[in-house]
Amino acid sequence: MAAVLVVGGSGGLGREIARHFVDRGDEVIITSRSAERAEAVAAELGARGLAIDLTRPESIDKALAEVGELDSLVITAIEQYSNTVQDFSIEDAIRASTVKLVGYTEVARVLQGRFRPGAGIVLFGGLGKVRPYPGSTMITATNAAVSGVMRTLAVELAPVRVNALHPGVVGDSPAWQDKNTSAVAARTPTGRLTATAEIVDATDFLLRNGAANAIDLHLDGGTRVT
């Protein structure tokens, strides 16, 4: 039984990743910004809930004080908004960059002495890092920065393995399931969108494969080449 922490595991892709490891019989901790939500989702999944706010990185050390040794760390937490250059919100930009740059790094720093031999970390970025669109300035910048954070952590935390996963449009995820994504699917070489189960499987692969390290894995059906 592995010990797994999913930061952002109370919703979206993080929730399904947490569910996968719970169903496998692992000891899973999920987090949410809200203690009430973390505990409610944890009770549903059969996990343990913990409140942590990556927009307040100075609070992370204390928030993770009760977390013990870990085999796997997955960070899916996001804070992203459409933010055009014309109507640029400094407040939104700071929150987005704080979560993915400072928050992700601080979580790894706080936990660095608690990783068991063979442990792995997966940081979540996104396809926006290589496929910008109007309003994606900070989404593109912060997801690209995740790659840089991943590489430095792979060096500084060695032998702990660190990888980054960059999903494209995940058609059956809460963020996309009610939207018309036919145009995206049509320009995808595979002819369909990425599925949540494929994101979960890729996360599991990056965590368990001992040779997977310092990898930027894009899971988008090949839309980067169209």
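This one's a predicted model, so the numbers in the text were calculated from it and none came from an experiment.
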Salt bridge present between Arg56 and Glu106 (N-O < 4.0 angstrom): no
One thing to verify: whether Arg24 and Asp204 come together as a salt bridge, which I'm taking to mean a side-chain N less than 4.0 angstrom from a carboxylate O. yes
Please check this pair: side chain of [X] against backbone of [Y], looking for a donor-acceptor N/O pair closer than 3.5 Å.
| X | Y | result |
| --- | --- | --- |
| Arg224 | Val130 | no |
| Ser136 | Ile139 | no |
| Asp172 | Ala195 | no |
| Thr98 | Ile94 | yes |
| Thr194 | Gly168 | no |
| Thr226 | Arg187 | yes |
| Thr137 | Thr84 | no |
| Thr76 | Gly8 | yes |

Determine whether [X] and [Y] make a side-chain contact, defined as any pair of heavy atoms from C-beta on separated by less than 4.5 Å.
| X | Y | answer |
| --- | --- | --- |
| Asn163 | Ile215 | yes |
| Phe124 | Leu13 | yes |
| Arg15 | Ile30 | no |
| Glu16 | Ile199 | no |
| Leu153 | Leu123 | yes |
| Arg33 | Thr55 | yes |
| Leu54 | Tyr104 | yes |
| His218 | Arg131 | no |

Would you say [X] and [Y] are hydrophobically clustered, going by side-chain heavy atoms of ILVMFWY under 4.5 Å?
| X | Y | result |
| --- | --- | --- |
| Leu64 | Val99 | yes |
| Ile78 | Trp176 | no |
| Val110 | Val102 | no |
| Ile52 | Val149 | yes |
| Val162 | Val146 | yes |

Which atom of [X] lies closest to which atom of [Y], heavy atoms considered:
| X | Y | result |
| --- | --- | --- |
| Asp92 | Ser89 | N-OG, 3.1 Å |
| Ala2 | Asp26 | N-OD1, 3.0 Å |
| Glu198 | Leu193 | OE1-O, 4.4 Å |
| Ala63 | Ala51 | CB-O, 3.6 Å |
| Asn213 | Ala154 | OD1-CB, 3.9 Å |
| Pro189 | Val225 | CG-CG2, 4.1 Å |

Euclidean distance, [Y] [atom2] relative to [X] [atom1], rounded to 0.5 Å:
| X | Y | atom1 | atom2 | value |
| --- | --- | --- | --- | --- |
| Arg161 | Arg208 | CZ | CZ | 10.0 Å |
| Leu165 | Thr203 | CG | OG1 | 5.0 Å |
| Lys100 | Gln80 | NZ | CD | 6.0 Å |
| Asp53 | Ser32 | CG | OG | 9.5 Å |
| Leu157 | Phe115 | CG | CZ | 6.5 Å |
| Asp71 | Leu5 | CG | CG | 11.5 Å |

Crowding at CD, Glu58 (>12 non-hydrogen neighbours, <6.0 Å): yes
Atom CD of Glu27: over 12 foreign heavy atoms under 6.0 Å: no
Can a side-chain donor-acceptor contact be found between Asp216 and His166 if the only test is distance below 3.5 angstrom? yes
Go through Glu79 and Met138 one step at a time and tell me if the side-chain contact (heavy atoms from CB on, under 4.5 Å) criterion holds. CA-CA 10 Å; Glu79 186 85 16; Met138 293 309 301; over 6 Å; no
Criterion side-chain contact (heavy atoms from CB on, under 4.5 Å) against Ile17, the qualifying member of Thr196, Val28, Asp201, Val200: Val200
Check step by step if side-chain contact (heavy atoms from CB on, under 4.5 Å) holds for Thr188 and Asp220. CA-CA 8 Å; Thr188 302; Asp220 62 350; over 6 Å; no
